[in-house]
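Just so it is clear, the values below take in all heavy atoms, side chains as well, and ignore hydrogens, waters and symmetry mates.
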Amino acid sequence: MASAVGNTIELYDFLLYGTASALVFNKIFFPQFDSRVGVLLAFATFGAGFVARPLGGAVIGHLGDRLGRRAMLVITLSMTGLATALIGVLPSYASIGIAAPALLVLLRIVQGFFMGGEQGGASLMAVEHAPSGRWGWYGSWVFIGSPVGLVLANLAMYLSSRVSGPGFLTWGWRLPFLFSIVLVGIGLYIRLRVTESPRFERAEKARLPLAEVVRTQWRVLLLGAGVNLGFQIFIFVLSVFTINYGRTALRMSPDDLLVAQVVGGLAQVISLPVFAWLSDRVGRLPVMFGGAVFQAAFAFPMFWLMDARWFTTAMVLGFIGSGALFGPMAAYFAELFRTRVRYSGVAVSYQLGAVLGGGLAPFVATSLLGWGTWAVALYLVAGAVLSGVCLLVIGSAHEAEPAGSEPDAQPLSPAEA
């Protein structure tokens with residue numbers, strides 16, 4: 001619960017920014033540009049938060065392996081929520097000029113830095129407390145925070161739009177950002193009541209965990225980043241880019257788009273633990289590889305459905321299918337690294353994929369749209385192929401540590417297994 005609620009709030013903060021980028025930030029912070037350039041600039045600031053995530057993952061992951069998971073997760077939750085609330089009180093470009101987008105980027109970078117240490121640490125708290133053979137199931141509840149955060153972010157934006165009406169662009173959009181303070185208070189109350197990871201307490205502490213994991217497992221770091229990269233491309237095109245696409249190309253109302261996102265996010269809440277449970281039974285590789293195949297196969301049909309005004313159906317199918325790759329991911333990344341360097345390894349590997357995938361995805365997809373939706377679909381296919389190839393290479397060259405095995409044992413090769 002503590003891991004999931006923290007991840008929910010972090011993703012609420014992060015995805016709220018993505019939704020606002022697609023709907024209002026081009027008008028509030030970049031009004032001097034035409035609408036398409038304004039959206040591109042808003043998506044560029046969205047990507048700025050991702051740039052800081054690997055650095056945050058490295059610093060906080062190092063401290064998490066040295067000092068403990070619990071303390072780092074309290075810090076990441078507090079700072080991300082504070083940055084989000086401050087975005088809600090930023091003056092517009094009309095008030096303070098170029099300082100407004102500059103401050104927006106700065107707060108986005110702060111968000112990204114602390115977010116870089118949140119997801120890896122939260123997933124480790126769940127799996128390192130979990131019983132043997134059930135890492136996938138317990139780990140998936142952390143990542144359920146992602147679609148729940150998506151649902152809350154879009155629901156908050158929808159409700160503030162309904163409440164503020166014509167005042168949405170002046171003050172209504174600020175309400176969801178300010179509400180982050182309430183969520184952080186709830187999250188801290190729950191998170192402070194959790195004990196430290198028992199596996200971390202038993203493990204021998206590495207003096208320089210980040211240096212050790214880079215020296216001994218740099219190939220796994222990069223391949224793990226590739227696994228996540230393809231998923232991040234797909235999910236941020238699905239959850240952020242499609243809002244702008246529906247609004248500009250399909251002329252859909254913002255309310256309809258936000259409702260579709262909420263329904264899709266709720267569908268993923270169900271699919272994540274199901275696929276994670278399946279991965280505990282049949283293995284991570286077949287389930288996650290099946291998710292990568294789905295993402296490649298669904299890339300073109302997703303746009304066909306949206307163009308046929310089956311927008312909500314496209315969201316539901318996309319969120320459900322992508323859960324096959326995402327659901328087991330918390331356990332998958334944890335099993336790649338020893339306990340003594342696990343926070344550093346998971347945080348850096350996961351966040352490298354996030355910045356190269358999710359951070360750039362809305363910007364790249366919007367740029368490719370000039371050629372047509374087929375170009376965006378090919379971009380999704382390329383990401384899915386990369387995820388699938390990296391999964392196969394890790395599976396054949398470096399077996400993940402089996403869930404429930406001795407946490408500090410060297411991962412087994414296929415021959416040893």
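Between Arg69 and Tyr343, the shortest heavy-atom distance links the atoms NH1-CB, 3.7 Å. When all heavy atoms of Val237 and Val376 are compared, the pair lying nearest together is CG1-CG1, 4.4 Å. Contact record, Ala126 with Gly139: CB-CA, 4.5 Å, taken as the closest heavy-atom pair. Contact detail for Ala330 and Ser123: the closest heavy-atom pair is CB-CB, 3.7 Å. Taking all atoms of both residues into account, the shortest heavy-atom contact from Ile235 to Gln268 is CD1-NE2, 3.8 Å. Closest non-hydrogen pair, Asp280 versus Trp135, comes out as OD1-N, 3.8 Å.
Contact check for Phe241 versus Phe236: no side-chain heavy atoms found under the 4.5 Å cut-off. At a threshold of 4.5 Å between non-hydrogen side-chain atoms, the residues Ser78 and Phe114 do not count as touching. Using a 4.5 Å heavy-atom cutoff, the side chains of Arg199 and Leu124 are not in contact. Leu352 has its side chain out of reach of Leu221: every pair of non-hydrogen atoms, C-beta onward, lies at least 4.5 Å apart. For the pair Tyr350 and Met329, the minimum side-chain heavy-atom distance is below 4.5 Å. With a 4.5 Å cut-off on side-chain heavy atoms, Ser164 and Leu175 do not count as touching. The shortest distance between side-chain heavy atoms of Phe311 and Asp256 does not fall below 4.5 Å. Side-chain contact check for Ser160 versus Trp173: every heavy-atom pair is 4.5 Å or farther apart.
Side-chain N/O atoms of Ser387 and Gln295 include no donor and acceptor closer than 3.5 Å.
Ring planes of Phe231 and Phe326: parallel class, angle under 30° (limits at 30 and 60°). Between Phe298 and Phe294, the two ring planes are parallel [angle under 30°; tilted spans 30° to 60°].
Using a cutoff of 4.0 Å between basic side-chain nitrogens and carboxylate oxygens, Asp65 and Arg342 are not scored as salt-bridged.
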Open item on the list: Set out, in order, the CA-CA distance, both residues' side-chain angles and the distance that settles side-chain contact (heavy atoms from CB on, under 4.5 Å) for Asn228 and Gln232, then state yes or no.
Closed with: CA-CA 6 Å; Asn228 191 33; Gln232 293 284 333; 3.2 Å; yes
Open item on the list: Checking Val389 against Val393 for the side-chain contact (heavy atoms from CB on, under 4.5 Å) test, could you report, in this order, the C-alpha distance in whole Å, the side-chain angles of both residues, the deciding distance, and whether it holds?
Closed with: CA-CA 6 Å; Val389 169; Val393 173; 4.2 Å; yes
- [ ] List the steps and the verdict of side-chain contact (heavy atoms from CB on, under 4.5 Å) for Leu229 and Leu386.
- [x] CA-CA 8 Å; Leu229 194 154; Leu386 177 64; 3.8 Å; yes
- [ ] Could you go through the side-chain contact (heavy atoms from CB on, under 4.5 Å) check for Leu391 and Tyr332 one step at a time?
- [x] CA-CA 10 Å; Leu391 282 165; Tyr332 179 79; 3.7 Å; yes
- [ ] Go through Thr242 and Gln261 one step at a time and tell me if the side chain to side chain donor-acceptor pair (under 3.5 Å) criterion holds.
- [x] CA-CA 9 Å; Thr242 56; Gln261 290 283 327; 3.2 Å; yes
Open item on the list: Show, in sequence, the C-alpha distance, side-chain angles and deciding distance for Glu118 and Arg191, and conclude whether the salt bridge (charged side-chain N to carboxylate O under 4.0 Å, His left out) test is met.
Closed with: CA-CA 12 Å; Glu118 163 65 27; Arg191 187 162 276 185; 3.0 Å; yes
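Side-chain N or O atoms of Ser322 include one that pairs as donor or acceptor with a backbone N or O of Phe319 at under 3.5 Å. Although no hydrogens or angles enter the test, the distance criterion places no donor-acceptor pair under 3.5 Å between the side chain of Arg340 and the main chain of Pro209. A donor-acceptor contact shorter than 3.5 Å is absent between the side chain of Ser95 and the backbone of Pro91. Without hydrogens or angle criteria, Gln217 side chain to Leu336 main chain gives a donor-acceptor distance under 3.5 Å. Between the side chain of Arg309 and the backbone N or O of Leu250, at least one donor-acceptor pair lies under 3.5 Å. The closest donor-acceptor contact from the side chain of Ser349 to the backbone of Ala225 lies under 3.5 Å. A donor-acceptor distance shorter than 3.5 angstrom exists from the side chain of Asn154 to the backbone of Leu150, with no hydrogens or angles considered. Side chain of Trp310 to backbone of Asp307: no donor-acceptor contact under 3.5 angstrom is found. Checked by atom type and distance alone, the side chain of Ser161 never pairs as donor or acceptor with a backbone atom of Met157 at under 3.5 Å. Arg66 places no side-chain N or O within donor-acceptor distance of the main-chain N or O of Leu208, the cut-off being under 3.5 Å.
Going from atom CE of Met315 over to atom CG of Leu305 covers 9.0 Å, rounded to the nearest 0.5 Å. In this structure, CG in Leu155 is found 9.0 Å from OH in Tyr12, a value given to the nearest 0.5 Å. Considering CG of Leu272 and CD1 of Ile144, their distance stands at 6.0 Å, rounded to 0.5 Å. How far CG of Leu77 is from CG of Leu73: 8.5 Å, rounded to the nearest 0.5 Å. Taking CZ of Arg108 as the start and CG of Leu106 as the end, the distance is 12.5 Å to the nearest 0.5 Å. One finds the CD1 atom of Ile9 at 10.5 Å from the OG1 atom of Thr84 (value rounded to the nearest 0.5 Å).
Residues Phe303 and Tyr245 place their aromatic rings such that the two centres sit under 6.0 Å apart.
For Pro328, the side chain to side chain contact (heavy atoms under 4.5 Å, CB included) partners two or more places apart in sequence, or in a different chain, are Ser279, Arg284, Val287, Met288.
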Counting only pairs under 3.5 Å, give me each side-chain donor-acceptor contact of residues 52-64, with atom names and distances, residues two or more places apart or in other chains.
residue	atom	partner	partner atom	Å
Arg53	NE	Gln351	OE1	2.6
Arg53	NH2	Gln119	OE1	2.9
Arg53	NH2	Gln351	OE1	3.1

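Annotation for Phe289: atom CZ does not count as buried by contact number, only 12 or fewer foreign heavy atoms lying within 6.0 Å. More than 12 heavy-atom neighbours from other residues, nucleotides or ligands sit within 6.0 angstrom of CZ on Arg281.
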